[in-house]
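I am attaching a structure below and will ask some questions about it afterwards.
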Amino acid sequence: VCCSEANGGATLRLLRACALVRSGYGHSRTEAIRELELLSSGSEASLAALAMLIEAHQACKMIDADAVREAKAKFNQEERQATAPSKKLLSTGFWILGDDNTARRDGTEA
């Protein structure tokens, strides 16, 4: 994933959070959720961060339904105005999580 100097930090933080979600450990997911919440607004990584935030919450033993609902609503808003680079980053996030079909679909829509 290529990233500009300004958004490179957000991209790397997003990829790290995706890896934490993928790891499957409870404390790692909690750490990932905190990081994804910080990334979920104001950067090119926000669309992917919201999608990964939803995935992270849904992978928890105790699912915070309110947080999932809020993240889905925010994701739908962000998706309408997403740029091609943010859609590619979204695809990369799904690929890291092992969801190749969604990664391909989101990557071709970019």
Side-chain angles (χ1 to χ4, degrees):
V1 174
C2 295
C3 46
S4 68
E5 186 76 27
N7 289 323
T11 300
L12 292 175
R13 289 171 43 210
L14 174 76
L15 296 176
R16 180 180 178 277
C18 290
L20 289 172
V21 171
R22 179 92 162 108
S23 75
Y25 295 110
H27 67 282
S28 296
R29 282 198 191 111
T30 303
E31 184 180 342
I33 287 170
R34 278 193 295 260
E35 187 67 36
L36 291 166
E37 285 173 345
L38 293 172
L39 291 168
S40 67
S41 62
S43 75
E44 202 163 81
S46 62
L47 181 67
L50 287 164
M52 298 308 111
L53 183 60
I54 293 164
E55 294 288 327
H57 275 296
Q58 291 177 333
C60 292
K61 288 181 183 176
M62 297 289 290
I63 298 172
D64 184 345
D66 291 334
V68 172
R69 192 172 25 263
E70 288 174 25
K72 283 182 177 181
K74 196 170 176 183
F75 177 86
N76 290 333
Q77 287 177 329
E78 290 275 334
E79 189 176 34
R80 284 187 216 108
Q81 55 199 11
T83 62
S86 41
K87 287 183 180 182
K88 288 191 187 301
L89 193 53
L90 175 63
S91 286
T92 302
F94 279 118
W95 177 76
I96 289 170
L97 293 181
D99 189 347
D100 296 338
N101 292 330
T102 304
R104 272 192 223 85
R105 184 193 71 222
D106 288 339
T108 58
E109 291 175 0

Item checked: Pairing residues for Arg16 by the side chain to side chain donor-acceptor pair (under 3.5 Å) criterion, not counting sequence neighbours -> Glu31
Margin query: I want to check something: taking the side chain as every heavy atom from C-beta on, are Leu89 and Leu47 in contact at a cut-off of under 4.5 Å?
Written below: no
Checklist line | Reported CD-to-CG distance for the pair Glu44 and Leu14, which is rounded to 0.5 angstrom | finding: 11.0 Å
Notebook entry, point to check: Measuring from Lys88:NZ to Trp95:CH2, what's the distance to the nearest 0.5 Å?
Noted result: 15.0 Å
Margin query: For Ile54, give me all partners under side-chain contact (heavy atoms from CB on, under 4.5 Å), at least two apart in sequence or on another chain.
Written below: Gln58, Val68, Ala71, Lys72, Phe75
Next item on the list: Please examine the side chains of Ile33 and Cys60, heavy atoms only from C-beta on, and report whether any two atoms are closer than 4.5 Å.
Entry: yes
Notebook entry, point to check: Which atoms form the tightest heavy-atom contact between Ala56 and Arg29, and what is the distance?
Noted result: O-CD, 4.0 Å
Margin query: Using every non-hydrogen atom in the two residues, find where Gly93 and Cys18 come nearest and quote the distance to one decimal.
Written below: CA-SG, 3.9 Å
Item checked: Those residues that, when tested against Ser40, pass side chain to side chain donor-acceptor pair (under 3.5 Å) (two or more places apart) -> none
Next item on the list: Please identify each residue that fulfils side-chain contact (heavy atoms from CB on, under 4.5 Å) with Ser41, with sequence neighbours left out.
Entry: Lys74
Note to self: Just to verify, what does Glu35 make a side chain to side chain donor-acceptor pair (under 3.5 Å) with, not counting sequence neighbours?
What the structure shows: Arg13
Next item on the list: Drop me the distance from Lys87's NZ to Thr92's OG1, to the nearest 0.5 angstrom.
Entry: 14.0 Å
Item checked: Shared hydrophobic cluster for Leu12 and Leu20 (ILVMFWY, side-chain gaps under 4.5 Å) -> no
Note to self: Filter on salt bridge (Lys or Arg N to Asp or Glu O under 4.0 Å), then keep only pairs touching residues 58-71, sequence neighbours left out; what's left?
What the structure shows: Asp66-Arg69
Item checked: Separation of Ile96 CD1 from Met52 CE (nearest 0.5 Å) -> 8.0 Å
Check: What's the shortest heavy-atom distance between Ser28 and Ser23, and which atoms?
Finding: CB-OG, 3.4 Å
Notebook entry, point to check: Do you know the tightest heavy-atom contact between Glu78 and Ser46?
Noted result: OE1-OG, 2.9 Å
